[in-house]
Amino acid sequence: MTSGPLRSDGVGSAAALPITVSNIRKNYGNYRALDDVSLDIHSGEFLTLLGPSGSGKTTLLMVLSGFVRPDSGSVRFADREVVLLPPHKRDIGMVFQNYALFPHMTVAGNLAYPLKLRRVDRAKIAERVEKALDLVQLGGLGARRVDELSGGQRQRVALARAVIFEPRILLMDEPLSALDKNLREQMQLEVRRLHDRLGMTTVYVTHDQREALTMSDRIAVLDKGRIQQIDPPQALYDNPKTHFVADFIGESFSLPVTICDGGATLFGHPLHLPHKITGSAPHFLVLRPEKLTLLPEHPTDAAAGINEIKGQVRQSVFHGDSVMIYVAVRDGHEIALRVPHRGKVTLPQPGDHVSLGYGVEDTIVVPATMPVEGGMR
Amino acid sequence: MLRRPATSTQITHLQRLWLYILCGIVLLYLIVPTLLVIPMSFSGSRFLSFPPETWSLRWYKAYFSSAEWRAATWVSLQAAVCTTIVATITGTLAAYGLHCSRLRITKLLSVLLVLPMIIPVILIAVGVFMLFAPMQLNSSLTGIVLSHSVLAIPLVLITVTAGLRNFDLNQEQVARSLGASRPKAFLTVTLPQIKNSVLSAALLSFVVSLDEVVVALLIAGGDVATIPRRMFLALRDEIDPTIASISTILILLSILLLGLSQFLDRKRSK
Amino acid sequence: MRDAESGFRLNEASLVKQAFAEQLKLLSLSFPALLLVGFIVLAPIAWLSWLSFVDADGFTLANYERLLNPSYGLTLSTTFQLAFLVTAICVLLGYPLAYIAAQLSAGAARIMLLCVLFPFWTSLLVRTYAWLVLLQKRGQINTWLQDWGFTDAPLRLVYNFTGTAIGMVHIMLPFMILPLYAAMKSIDENYMRAAANLGASPTQAFWQIHVPLSLPGLGAGVMVVFVLSLGFYVTPDLLGGGRVMMWSMQIERSLSVYSDWGAASALGVVLLVITLAMLWLFSRLTGVVGAAAGGK
């Protein structure tokens, strides 16, 4: 679909804008949709707001687009305060969840709409609509009615409509959630390419952590109206700061640990830790299946760089490229390890006792709840 | 409160206050004139005003002591009940048959059945009058019931069809796979689930018959004059205050029926 | 080869026949209702139409030639004027009400709709009677107007065109509001958001997005109100006091006063043709718009 290089003489040459969100609060009755959210979005960055439903991610996007007025706080585009600015004066592109393409206009009519509102002259409009259609590989479909398009095509039209007036900020509200899996993965790449090409600041909302990891420069994880962590995808995956983030991103299994004097013990055994732990709140050890290894039955050298955990195999599940082995450990807890499927390797059978090892740098110990920082940010 | 945005496009309530005021006036226009009849019906004088200068039950006594009005009430109730039965049964059967059948002609037949709602009533009335004359059905309860039923069938058809659209016909297939005959499956599985639509339709038929003026004006003479016919003739000649008391009773009845239909609607949407 | 071929067609004829019989059985459930409607409504009207073209000597257009009399022209123009006026006022009053109701919370909208449904369920005669009492010379409206100093002498509010229009709008308004409300309720709020986001001011978004998307409901409302108004009888007769002559009243007069079946049938056919023509026109107009705006 994406054959040939994207032409660079098309839409969108305007510079991107940075966004500064400070101390945004929004309550619905007693429900805190946004609880003192502050966030710096860099110019030209692709930032994803990730969280479960009800986490406040969509509300935050609505605050940026101007459809929800916060109770307090500030939103600045570059140095301009916009929190009181009505949505139609914000000049930012937005892709809605169900696209919201106007059904009483053709594809070209939808694309021309923002240009007409900006009083672009007619010849220019036709030209830019053509270019925008080419940009999303829908050249020649301008005369189609919206209900004659497939889901993927509507998605592209919505994207084209959001960028045709060269906004310097682009917001997207779960734009791919209505598409099936294959199309979704293809569109993820296309959206990202479009961003790279046009260079505007993009804020993307999703509840799909894989999508977030695939597309983003940075991810802000939200839960209960608060930002839990903002980091590039890999940092978020490898070094989650809270149990929520560790649990939400990627596959993981958590075991409760006991904290004392900056160290931690699991089922009574001390753990080797990459760094000391501050505070004494309840913590969890987070184990990711692909970071565990099967240790030989009689460990020759229980090296200092490895933590070990023993258990009994319960079940192994074949996934094609890998095998997941579920292991019961103490106190009714269960963990799993993923072994690449290479054939000819004898795997432990249900009932076998095994020892699993994981490196010190993969030993993620996180607090059960978000640490309360000294004073509000 | 007024400065809060009313829409997501950030129009405040204050900016569209005029719209709220307009809506308020329209709502008052819709309900107040009718409701004013209620206190006015308790007026003691022949000239009705609000609030009444003197209060009395005079016009209610006039209504209950008039043999003519009592007879009209009896005829109207009989006609309404019979119409409800005829229209609900035939209309529901038609709705079910046309909804389930996959033959092309169903669309045309549905249009035919809705025609009585579209054709001007005066025309139906003239036609009915002409039809009934040689059959001696003018000035008979049968004639009234038949013509009112025809006027009510479109409403029954529309209401019950709407109910059937929300019903999964596969359930009937399941019942039949379990050993129920088609009529049995309809009565034991389908009907209980579209019950509220059918009851709503029955209420509507009742009201249609109770309110019908034009046909009654042409065919319901003599002993079978209905309330609307008597009211219409009384209003055309001079404004008899007895009508205020009858109107009040009818208003209370319609509030009751409206409440009932809302109750059914609510149950249906659950 | 041939065996396989005939195998494909095994029992085909009898299966098709059985399926058809089953469908026919279902269809037959609608026969009682069809019989009633056909016998009581359609057949007499067909007969009436036939009557309008014949007299003792056979085919004639005499009944229609009489309609060229200017007094009928006046009736026709009154009928259309009233229908247009009532429809226009219903749009002006009904659209804002439906617009607000569609945006209110479920509870508030429910109360608003109850207020709209209440007149719907109340007897037509009762409501006409209420207006008759309120609008008469010494009626409540005139009393209030004089008390509050809007006018010195009582206004003529009833037994004329004004009174008829006031009463008819009251009767017709629910028919306008209900389809409008249903249409507006189905407009996704994101359309308005998208318009604002693309730079449309609230006013522009309203006219360019909301109004076109509500057209199916508006079309349905206008159609119902206009067609019902064209054939309306009761309210114009009572509130018009003989000064407002509608086409339907002309039919009744020619029967009850002159016992003239020829004239009545010709008048009836004209009303029927006008009504059906209007319905066709509206469904053409709104059908096209509806198809464009309907798909989501």
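Model, not experiment: these values are computed from the prediction. So that the names make sense, note that chain A is the first sequence line, chain B the second, and so on, each numbered from 1.
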Under 4.5 Å from a heavy atom of chain C, the part of [X] involved:
X         : result
Leu115(B) : side chain
Val156(B) : neither
Ile89(B)  : neither
Ala87(B)  : neither
Ile118(B) : both
Pro154(B) : neither
Leu218(B) : side chain
Leu131(B) : side chain
Gln262(B) : both
Ile153(B) : side chain
Leu146(B) : both

- Task: Take Val126(B) and Trp261(C) through the test side chain to side chain contact (heavy atoms under 4.5 Å, CB included) and record every step on the way to the result.
- Result: CA-CA 10 Å; Val126(B) 172; Trp261(C) 281 96; 3.8 Å; yes
Heavy-atom closest contact ([X] atom, [Y] atom, distance):
X         : Y         : answer
Leu203(B) : Trp121(C) : CB-CH2, 4.0 Å
Cys23(B)  : Ile100(C) : SG-CG1, 3.6 Å
Thr275(C) : Pro120(B) : OG1-CG, 3.7 Å

- Query: Would you call the rings of Tyr29(B) and His170(C) parallel, tilted or perpendicular, where under 30° means parallel and over 60° means perpendicular?
  - Reply: perpendicular
- Return the option, out of Ser149(B), Ala125(B), Ser261(B), Ser147(B), with the maximum number of heavy-atom pairs under 4.5 Å with chain C.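 Most heavy-atom pairs under 4.5 Å with chain C: Ser261(B).
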Rounded to the nearest 0.5 Å, what separates atom [atom1] in [X] from atom [atom2] in [Y]?
X         : Y         : atom1 : atom2 : value
Leu113(B) : Leu34(C)  : CG    : CG    : 4.5 Å
Arg127(C) : Ser247(B) : CZ    : OG    : 12.0 Å
Leu250(B) : Leu124(C) : CG    : CG    : 12.0 Å
Leu103(B) : Leu24(C)  : CG    : CG    : 6.5 Å

Please look at [X] and chain B and tell me whether the side chain, the backbone, both or neither of the residue comes under 4.5 angstrom of a heavy atom of that chain.
X         : result
Val227(C) : side chain
Leu36(C)  : both
Leu48(C)  : both
Gln140(C) : side chain
Asp237(C) : side chain
Arg110(C) : side chain
Leu238(C) : side chain
Leu255(C) : side chain
Ile141(C) : neither
Leu230(C) : neither

Taking C-beta and beyond as the side chain, do [X] and [Y] meet within less than 4.5 Å on heavy atoms?
X         : Y         : result
Leu235(B) : Thr128(C) : no
Phe31(C)  : Leu93(B)  : no
Leu51(C)  : Met130(B) : yes
Val121(B) : Phe232(C) : no
Val26(B)  : Leu173(C) : yes
Leu26(C)  : His99(B)  : no
Leu109(B) : Leu27(C)  : yes
Glu22(C)  : Arg182(B) : yes

- Task: Could you walk me through whether Ile119(B) and Val41(C) pass side chain to side chain contact (heavy atoms under 4.5 Å, CB included), step by step?
- Result: CA-CA 9 Å; Ile119(B) 299 174; Val41(C) 175; 4.0 Å; yes
- Message: Under a 4.5 Å cutoff for heavy-atom pairs, which residue among Ala196(C), Pro202(C), Gly241(C) has the most contacts with chain B?
- Response: Pro202(C)
- Give the intermediate values and the outcome of side chain to side chain contact (heavy atoms under 4.5 Å, CB included) for residues Val133(C) and Val37(B). CA-CA 9 Å; Val133(C) 173; Val37(B) 172; over 6 Å; no
- Criterion side chain to side chain contact (heavy atoms under 4.5 Å, CB included) on Met231(B) and Val126(C), from CA distance to verdict: CA-CA 9 Å; Met231(B) 277 176 80; Val126(C) 170; 4.2 Å; yes
- Item | Heavy atoms from other residues, nucleotides or ligands near CZ of Arg236(B) exceed 12 (cutoff 6.0 Å) | yes
- Query: Is it true that a side-chain atom of Tyr96(B) and a backbone atom of Leu29(C) form a donor plus acceptor pair closer than 3.5 Å?
  - Reply: no
- Message: Taking 4.5 Å as the heavy-atom cut-off, does anything in residues 111-120 of chain C contact chain B, and if so which residues?
- Response: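 Under the 4.5 Å heavy-atom cut-off, Met112(C), Leu114(C), Cys115(C), Val116(C), Leu117(C), Phe118(C), Pro119(C) qualify.
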